Undergrad: 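Quick one: structure below, then a few questions.
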Protein chains: 2
Amino acid sequence: MANVTLKRIAEQLGLSTATVSKALKNYSDISDETKRKVRALAEELNYKPNSFAQSLRNRESRIIGLITPEIVHHFFSNIIKGVIDAAEKSGYLVITLRSGESYETEKRQLRLLRDKNVDGILISLSDKTINYNHITELIKDGTPVVLYDKISKLINCPKVIINDRMAAYHATKHLIDSGCCAIAHIRGPLRPQTTIDRFMGYKKALADHGIEFCEDLVFETSHLSFEDGYEIAGEIIKCPIKIDGIFAFTDLLAAGALHKLKENQIAIPDEISIIGFSNWFLSSITSPALSTVDQPGYLMGQKAFELLLKDIENKKQGRPSTAEIIEIPTQIIPRDSTRPGR
Amino acid sequence: MANVTLKRIAEQLGLSTATVSKALKNYSDISDETKRKVRALAEELNYKPNSFAQSLRNRESRIIGLITPEIVHHFFSNIIKGVIDAAEKSGYLVITLRSGESYETEKRQLRLLRDKNVDGILISLSDKTINYNHITELIKDGTPVVLYDKISKLINCPKVIINDRMAAYHATKHLIDSGCCAIAHIRGPLRPQTTIDRFMGYKKALADHGIEFCEDLVFETSHLSFEDGYEIAGEIIKCPIKIDGIFAFTDLLAAGALHKLKENQIAIPDEISIIGFSNWFLSSITSPALSTVDQPGYLMGQKAFELLLKDIENKKQGRPSTAEIIEIPTQIIPRDSTRPGR
DNA sequence: TTAATCCACGAAATCGTTTTCGATATTTAC
DNA sequence: GTAAATATCGAAAACGATTTCGTGGATTAA
């Protein structure tokens, strides 16, 4: 069970390991005859270079790290898939870790990846992350890092994002265009930038269309769960202002709300229209099917890897990071929970 | 930006690398005084052992590979999560790859993992895998391998499975107990063992309860999609035999069927009862909520890693693989698409 | 005092690959 | 025929960490 190494091939052929190594890598200072013999024996012995030795020597692992807040999650699992696919095409493998929206876990995961000498790291910030030293220090020490989806403007590195503000603007506008005038917003947790941006987009759309913003029509949630949406829809029904449109922070909240409204025999979209966010799979199979905003996770994952690869190359060449920011376009997916616009 | 190595610490302290290494690993033949000094400087310089060198020397990477047919998939993403969590607790990281149900891809992924010298591999066979040499050779060459969910009896290694036959038996029995007597089965693709097992369980339940099996009540699907379920429900409606119960191969098929039945104003569960399989998230939010069989992916992932870890240890100690098989219990989740049993 | 025991450390060999810099031997140019 | 160019190969030094086996000195036992 002794492993077949360059040395073994060299001895068997009466050559040096240097020659064998060069023969296998097709160096020009090795004769064709020798190359043939070396390759033949390597094939026969089923030689496989030791990746540890290669990594040690070349100072690269061809492995990247990916930290995501969640794994069992339609949007993030699409990101994971996009990253893995793109990475494999470029000869990289991906170690996936999940922060579970915890700042401490996020720091620990980062350390684990760093200890494994990954060539670069892709990370989406947890909702609870308020301090960015763990990231900036990593970057300062030379590890290429790319932020995706949940980012911070305070970190200077490449990023892949959607324009949450614009997307929310269009979602709200979609409701307005279809005739809604008292539009509620089910808002996400307080901290993350995405919550703020989507909320701003909502407000801007109202303002641009002459609808007065009303604090009472904004409902906060912290868990982003189906149950939360269900509960909040209860409040919406009881609201003294007669609400005729809902823009929810995610599809899951929207689905919960939809369920509650249906239970109360409220006609959708005629009495109340509702639009979600993300285009998770579930939004296509509710009844009525949920209108939503498509957030292309797979594409974001691919782009994030491409940016990381660029920075890995930059580092090899001694060039500085690009700090390029890619904004992925989103799109309204009109379905049956909103009326067709005019 | 020169890396901090043992050598550098040794020079700075006038010691040898051997002493520094041993001091950091708390060897007994190093004086407390020296240990203190070494640790202090290591701390100060922020020393981090080079994992490539460690791997090369110790012949282990503390990385395992995980191959799954899909990533954006409720069941498999739960498995991934279970594996990653369990692995991290034992100091292992996980490289995830997806075969996309392709035999060729599966072979390629296996090769990639092997080339990276992972300490072990977890794999669920693709539906199209009919030859197992790529797995058995890997095992023969000494890589610990554990099969989960979609396995083959022809491969001798540890496995984590559910008892598909039994689970299907109970799902069917649940329909029978609630009064159904003409029960259709929406069957999965032909090849995989799970398809066969669930079909057998269905048949056995009928037989054990004096219901005659009828070929015409079995509907085959190949894509396991919502649309497939929708289409097949159309056939079920048109079926000359009046069907009053459906056992679907997965929740997604069941959800598609549910949709079609609702469109046709068929009362659920009174006219037709329906039960799915897997307990995907979506089954809890359809209306009516889908009764189903819980297939605990997270637990399966954890157990699969534990088995792999055992085999990795076995290999280190020169012991043979256990080839242990763990059967994870499943459970009927009765909801509103079936009537309560007696 | 001599011999046995211990303590604290270091030299050196490995792990397997890569690459630089020579060193022969052979061929070409003039 | 001699000098220069070319073609093939190998020695050896990395890359860092680990561990075996000594070694020299101090301590203890006799």
Side-chain angles (χ1 to χ4, degrees), chain A residues 1-39 41-42 45-63 91 114-119 142 316, chain B residues 1-39 41-42 45-63 91 114-119 141-142 315-316:
Chain A
M1 192 49 66
N3 263 327
V4 18
T5 66
L6 288 185
K7 195 167 150 201
R8 177 135 160 240
I9 295 180
E11 281 168 359
Q12 207 153 331
L13 249 34
L15 294 169
S16 73
T17 64
T19 304
V20 174
S21 173
K22 286 194 281 191
L24 288 172
K25 305 193 91 192
N26 206 23
Y27 271 52
S28 60
D29 65 343
I30 304 295
S31 71
D32 291 349
E33 176 59 20
T34 306
K35 281 181 188 170
R36 264 221 324 283
K37 283 196 293 191
V38 168
R39 284 181 193 145
L41 186 58
L45 296 180
N46 197 17
Y47 168 75
K48 178 182 84 56
N50 181 308
S51 68
F52 302 147
Q54 285 181 318
S55 289
L56 176 58
R57 171 70 214 216
N58 303 329
R59 311 174 144 312
E60 65 165 12
S61 58
R62 303 220 131 223
I63 295 177
R114 188 210 177 95
D115 287 350
K116 272 284 179 290
N117 288 83
V118 293
D119 293 345
K316 270 196 218 166
Chain B
M1 191 51 65
N3 262 326
V4 182
T5 66
L6 288 185
K7 194 169 152 200
R8 174 132 163 242
I9 295 180
E11 280 167 0
Q12 207 155 329
L13 249 35
L15 294 169
S16 74
T17 63
T19 306
V20 174
S21 173
K22 286 193 280 192
L24 288 172
K25 305 193 90 188
N26 206 26
Y27 272 54
S28 60
D29 64 344
I30 303 295
S31 71
D32 291 348
E33 176 60 19
T34 306
K35 282 182 187 171
R36 264 221 323 283
K37 283 196 292 192
V38 168
R39 285 183 192 142
L41 186 59
L45 297 180
N46 197 17
Y47 168 74
K48 177 182 85 55
N50 181 308
S51 68
F52 302 148
Q54 284 182 318
S55 289
L56 177 59
R57 171 72 212 210
N58 302 330
R59 316 176 138 323
E60 63 165 11
S61 59
R62 301 220 133 224
I63 294 177
R114 187 211 178 93
D115 287 349
K116 273 283 179 291
N117 287 81
V118 295
D119 292 346
D141 285 357
K315 184 189 168 190
K316 270 196 218 166

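Predicted model, so just to flag it, every value in this text is computed and none were measured.
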Undergrad: Can you confirm whether B/V38 sits close enough to B/L13 that some side-chain heavy atom of one is under 4.5 Å from a side-chain heavy atom of the other?
TA: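 Heavy-atom side-chain distance check passes, below 4.5 Å.
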
Undergrad: Whole Å only: how far is the CG atom of A/N3 from the P atom of C/dT14?
TA: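 So the two atoms are 17 Å apart, to the nearest Å.
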
Undergrad: Which residues pass the side chain to side chain donor-acceptor pair (under 3.5 Å) test with B/K37, not counting sequence neighbours?
TA: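 For B/K37, no residue satisfies side chain to side chain donor-acceptor pair (under 3.5 Å) once neighbours in sequence are set aside.
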
Undergrad: In whole angstrom, what separates A/K7's NZ from C/dG16's P?
TA: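 Distance check: A/K7 NZ to C/dG16 P gives 8 Å.
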
Undergrad: Specify the separation, in whole Å, of atom CD of A/E11 and atom P of C/dG16.
TA: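 So the two atoms are 12 Å apart, to the nearest Å.
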
Undergrad: If we only count heavy atoms from C-beta on, is the B/V4 to B/N46 side-chain gap below 4.5 Å?
TA: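 Not touching, per the 4.5 Å side-chain cut-off.
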
Undergrad: Which pairs, protein N/O on one side and nucleotides 24-27 of chain C N/O on the other, fall under 3.5 Å?
TA:
none

Undergrad: Could you tell me whether the side chains of A/N117 and B/K48 share a donor-acceptor contact shorter than 3.5 Å?
TA: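 Yes, a side-chain donor-acceptor pair sits under 3.5 Å.
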
Undergrad: Using the side-chain contact (heavy atoms from CB on, under 4.5 Å) criterion, which residues pair with B/S61? Sequence neighbours excluded.
TA: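 In terms of side-chain contact (heavy atoms from CB on, under 4.5 Å), with neighbours along the sequence ignored, B/S61 is linked to A/F52, B/S55, B/I63, B/D119.
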
Undergrad: Using nucleotides 18-20 of chain C, report all nitrogen or oxygen pairs with the protein that are shorter than 3.5 Å.
TA:
unit_1, atom_1, unit_2, atom_2, d
C/dT18, OP1, A/Q54, NE2, 3.0
C/dT18, OP2, A/S21, OG, 3.3
C/dT18, O2, A/R57, NH1, 2.1
C/dT19, OP2, A/Y27, OH, 2.9
C/dT19, O4', A/R57, NH2, 3.1

Undergrad: For the helix from C/dT1-D/dA30 to C/dC30-D/dG1, what angle lies between the axis at the first five pairs and the axis at the last five pairs, to 10 degrees?
TA: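 About 50°, once rounded to a multiple of 10°.
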
Undergrad: side-chain contact (heavy atoms from CB on, under 4.5 Å) with A/Q12: which residues, sequence neighbours excluded?
TA: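 Partners of A/Q12 under the side-chain contact (heavy atoms from CB on, under 4.5 Å) test: A/R8, A/L41, A/L45.
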
Undergrad: Which comes earlier along DNA chain C counting from the 5' end, the contact point of B/R59 or that of B/S31, where each point is its nearest nucleotide?
TA: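 In this pair, the answer is B/S31.
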
Undergrad: Taking side chain to side chain donor-acceptor pair (under 3.5 Å) as the definition, give me every residue that meets it alongside A/T17, ordered by chain and number, with sequence neighbours left out.
TA: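 A/T17 satisfies side chain to side chain donor-acceptor pair (under 3.5 Å) with no other residue.
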
Undergrad: I'd like to check the salt bridge (charged side-chain N to carboxylate O under 4.0 Å, His left out) partners of A/E60; sequence neighbours left out, ordered by chain and number.
TA: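 Checked A/E60 against salt bridge (charged side-chain N to carboxylate O under 4.0 Å, His left out); matches are A/R62, A/K316.
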
Undergrad: Is A/S55 touching bases, backbone alone, or none of the nucleic acid, heavy atoms closer than 4.0 Å?
TA: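 Since no nucleic acid heavy atom lies under 4.0 Å of A/S55, the category is nothing.
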
Undergrad: Output the distance between atom CG (B/L6) and atom OG (B/S16), rounded to the nearest 0.5 Å.
TA: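 Spacing of CG (B/L6) from OG (B/S16) equals 10.0 Å.
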
Undergrad: Only counting residues at least two apart or in another chain, list the ones meeting side-chain contact (heavy atoms from CB on, under 4.5 Å) with B/A42.
TA: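 Scan of B/A42 (side-chain contact (heavy atoms from CB on, under 4.5 Å), adjacent residues dropped) gives B/I9, B/L24, B/Y47.
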
Undergrad: Can you tell me which residue pairs pass the salt bridge (Lys or Arg N to Asp or Glu O under 4.0 Å) test with a partner in residues 23-32 of chain B, sequence neighbours excluded?
TA: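 Residue pairs with at least one partner in residues 23-32 of chain B: B/K22-B/D29.
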
Undergrad: Touch check for A/S28, heavy atoms < 4.0 angstrom, all strands: base, sugar-phosphate only, or nothing?
TA: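 It contacts nothing in the nucleic acid.
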
Undergrad: Do B/R39 and B/N26 have side-chain heavy atoms sitting under 4.5 Å apart?
TA: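 B/R39 reaches B/N26 side chain to side chain.
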
Undergrad: When the distance from CG of B/D32 to P of C/dC7 is rounded to whole Å, what number comes out?
TA: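 Going from B/D32 (CG) to C/dC7 (P), I get 12 Å.
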
Undergrad: Please enumerate all residues that pass salt bridge (charged side-chain N to carboxylate O under 4.0 Å, His left out) together with A/R59, with sequence neighbours excluded.
TA: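 Counting only residues at least two positions away or on another chain, A/R59 forms no salt bridge (charged side-chain N to carboxylate O under 4.0 Å, His left out).
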
Undergrad: Of all nucleotides in DNA chain D that come within under 4.0 Å of a heavy atom of chain B, which is furthest toward the 5' end and which toward the 3' end?
TA: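 Listing 5' to 3', DNA chain D meets chain B from D/dG16 to D/dT20.
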
Undergrad: Please report, rounded to the nearest Å, how far the P atom of C/dA8 is from the NZ atom of B/K37.
TA: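 Spelled out: NZ on B/K37 to P on C/dA8 is 13 Å.
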
